[in-house]
There are 2 protein chains.
Amino acid sequence: MTADPDTGPLAFRSHDHSHCADGVLAEADALSERQGVKLTPVRRRALEILLRSHRAMGAYEVLERLAEDGFGKQPPVAYRALDFLVDHGLAHRIRRLNAFAACMCPGTAHRPAFFICHACNAVAEAPADAVGRAMDSAAEAIGFSVERMNVEAVGLCPACREVPHAAD
Amino acid sequence: MTADPDTGPLAFRSHDHSHCADGVLAEADALSERQGVKLTPVRRRALEILLRSHRAMGAYEVLERLAEDGFGKQPPVAYRALDFLVDHGLAHRIRRLNAFAACMCPGTAHRPAFFICHACNAVAEAPADAVGRAMDSAAEAIGFSVERMNVEAVGLCPACREVPHAAD
DNA sequence: GTTGACACGTTACGATATAACATACTAACA
DNA sequence: TGTTAGTATGTTATATCGTAACGTGTCAAC
């Protein structure tokens, strides 16, 4: 039941953020190139902000950082950059939090599920292909064709389960 | 939007709404009784509004109807009633739409998935226990304990698949 | 060198949600 | 019966999230 902190999803284990951010950023560059879309300065910077913060961030929070870097100061600036990232699989939108998080494995076909700890606010993206397949068959049963899906769970992460009083 | 908001489909098949609304309302009464919680007039009315509209409704839309019936006119009135319904399994919150929908089978343990048609805005609640189980094992693999989850898919409902030009 | 597509910026506003506080009802009980 | 504690409802005010609409700059295609 209790996971090894070194084998859980990225968000729930310790590691070198700046290292993984660089890697993903490089993948994002290559991926955009291949797809023939432009990872412009604002977009790239927005992705970098998400990657380095290494958590889910609200659009206005991202906007603030972008503004500090000399980009526009108005909401559409952030929303457009973030929407681009989501549309191209470089970030995910977490509806439950009204927030965005960098995708940790862009380019690989995956239908992620998010696990949100309500005690420490950590968010983990986990592969959930089995969940995706279950959804597909549920959809098929009612004749629905799925284009996108979000799967989000709220609960306690491994660390917070061990410190019950810290939970809210 | 659906042509007639009061008869637009929640599930993707036609049936007698008023009949099913009455039934669910009765179940909700019994369920609240058993749980020792109070389905007060605002709460019951909010549920009734959701049931009769038979679709996902925004909090402000529900608020408007409640106000027409002599209840409070301010947002917290609606949010509190809706939160109560959600907490007690009488309604579901659909994050993707910032909306709420009555649960069509309250009391039965279920973890529903929602299928949202982006052409006609219909929303169907489907049993998705297989999805729930898949989530449980994904969670277990990372040591996460799930308390609540949302599973929402966007795509095309059976009717809209047949009318491609109607899709947005 | 004009056109068209796109990106980026702005202003202005709309939509969603909650904090904080006042008042009333109800149930338990001295 | 009066008091008290808990819960429910209502208010005002404000926070937070998101988008419409429009102007300007850039750049590649023709």
Side-chain angles (χ1 to χ4, degrees), chain A residues 28 32-33 35-50 56-88 90-101 118 121 150 152 154 168, chain B residues 1 5 32-33 35-47 49-50 56-88 90-101 118 121 150 152 154 168:
Chain A
S32 301
E33 179 78 38
Q35 293 187 344
V37 296
K38 287 184 241 177
L39 192 60
T40 61
V42 227
R43 293 168 178 173
R44 192 173 198 279
R45 182 67 188 124
L47 177 56
E48 202 177 347
I49 288 166
L50 289 179
M57 294 177 79
Y60 278 70
E61 206 179 345
V62 172
L63 175 60
E64 211 170 280
R65 307 270 192 107
L66 287 173
E68 284 170 7
D69 292 344
F71 295 103
K73 300 173 160 44
Q74 306 304 324
V77 171
Y79 281 102
R80 283 196 288 238
L82 292 167
D83 286 347
F84 172 90
L85 296 176
V86 170
D87 286 345
H88 293 83
L90 299 172
H92 298 289
R93 185 167 195 162
I94 298 165
R95 315 291 314 201
R96 186 124 195 165
L97 300 176
N98 293 326
F100 298 82
H118 63 70
N121 292 310
N150 344 35
E152 304 169 6
V154 178
D168 26 346
Chain B
M1 256 314 168
S32 300
E33 179 78 39
Q35 293 186 343
V37 296
K38 286 184 242 177
L39 192 60
T40 62
V42 228
R43 293 170 179 172
R44 193 172 198 280
R45 183 65 188 128
L47 177 56
I49 288 166
L50 290 179
M57 295 178 77
Y60 279 73
E61 207 180 344
V62 172
L63 176 60
E64 211 170 282
R65 308 270 192 108
L66 287 173
E68 284 169 7
D69 292 345
F71 295 103
K73 300 175 159 43
Q74 305 305 323
V77 170
Y79 281 102
R80 283 196 288 238
L82 292 167
D83 286 345
F84 172 90
L85 297 175
V86 171
D87 286 345
H88 294 84
L90 299 172
H92 298 289
R93 185 167 197 162
I94 299 164
R95 314 289 321 198
R96 187 125 194 165
L97 300 177
N98 293 326
F100 298 82
H118 64 70
N121 292 307
N150 318 57
E152 302 169 8
V154 178
D168 25 344

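Below, read A as the first sequence line, B as the second, and so on, with proteins coming before strands; counting in each chain starts at 1. Worth saying up front: this structure is predicted, and the values here are computed from it rather than measured.
C:dC8 atom C1' lies 16 Å from atom CG of A:Asp69, rounded to whole Å. Rounded to whole Å, the distance from CG on A:Leu82 to P on C:dA7 is 15 Å. If you measure from atom CZ of A:Arg45 to atom C1' of C:dC8, you get 17 Å, rounded to the nearest angstrom. A straight line from CG of A:Leu85 to P of C:dC8 spans 11 Å, rounded to a whole angstrom. The separation between B:Leu66 atom CG and D:dT9 atom P is 11 Å, rounded to whole Å. Atom pair B:Phe71:CZ and D:dT11:C1' shows a separation of 17 Å (rounding to whole Å applied). The distance between atom CD of A:Gln35 and atom P of C:dC6, rounded to the nearest whole Å, is 16 Å.
The shortest side-chain heavy-atom distance between B:Val37 and B:Phe84 falls under the 4.5 Å cut-off. For the pair B:Glu33/B:Leu39, no side-chain contact is recorded, criterion being any heavy-atom separation below 4.5 Å from C-beta on.
For the residue pair B:Asn150 and A:Arg95, no side-chain donor N or O sits within less than 3.5 Å of a side-chain acceptor on the partner.
Take B:Glu64 and apply the salt bridge (charged side-chain N to carboxylate O under 4.0 Å, His left out) test, not counting sequence neighbours, and it matches no residue.
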Checklist outcome for this item: In B/S/- notation (B base, S sugar-phosphate only, - none; protein heavy atoms under 4.0 Å), nucleotides 16-30 of chain D written 5' to 3' is -BBBB----------
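None of A:Leu47, A:Ile49, A:Val86 except one satisfies the side-chain contact (heavy atoms from CB on, under 4.5 Å) rule with A:Phe100; the exception is A:Val86.
Comparing B:Lys73 and B:Arg43 by the nucleotide of DNA chain D that holds the closest heavy atom to each, the one mapping nearer the 5' end is B:Arg43.
Contacts classified as side chain to side chain donor-acceptor pair (under 3.5 Å) and involving residues 68-82 of chain B (residues at least two apart or in different chains) are given here: B:Arg45-B:Asp69.
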